[in-house]
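Numbers here are sequence positions counted from 1.
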Amino acid sequence: MTQETLKVPSVTTYGLLGDEFLEVLQVDTIVTWITPYQRYLTDGLLLAEPTEAKAVKRNVGMYTLIDGKLFRHGYTHPILTCISGDKCTRVMEELRKGIC
């Protein structure tokens, strides 16, 4: 597997506030299908939309958090790792190339 690179958060300065500058640290968080489950398991927070919140509450029993990472209880395997985005693309490319 290849080594992952981390994205550095960007710092943005917006105009003047009186005689001082106001600095805002903007951290880009990527929201994926994993995020609602992580938020519900860590903080008990649900989505604002009722149908999506209901789906998360219904399916959250199949998931668990271990060291901040989401895992799913599988039928054929004891535990499955949940991935998305770049990690998913990389795994699919490696599977197609025949590494596994």
In chain order, what residues pass the side chain to side chain contact (heavy atoms under 4.5 Å, CB included) check against T81, with sequence neighbours excluded? F71, I83

Selection residues 59-71 - residue pairs positive for side-chain hydrogen bond (donor to acceptor under 3.5 Å, both in side chains), sequence neighbours left out: none

Between atom CZ of R72 and atom CD1 of I79, what is the distance when rounded to the nearest 0.5 Å? 11.5 Å

CG of L80 to OH of Y75, rounded to nearest 0.5 Å, is 10.5 Å

Just how far is it from atom OG of S84 to atom CD1 of I34, taken to the nearest 0.5 Å? 4.0 Å

Pairs of donor and acceptor atoms involving the side chains of residues 42-52, under 3.5 Å and at least two apart or interchain, shall be tabulated with distances.
| from | atom 1 | to | atom 2 | distance (Å) |
| --- | --- | --- | --- | --- |
| T42 | OG1 | Q38 | O | 2.8 |
| T42 | OG1 | R39 | O | 3.4 |
| E49 | OE2 | T51 | OG1 | 3.1 |

Hphob cluster co-occupancy, I66 + M62, side-chain heavy atoms under 4.5 angstrom: no

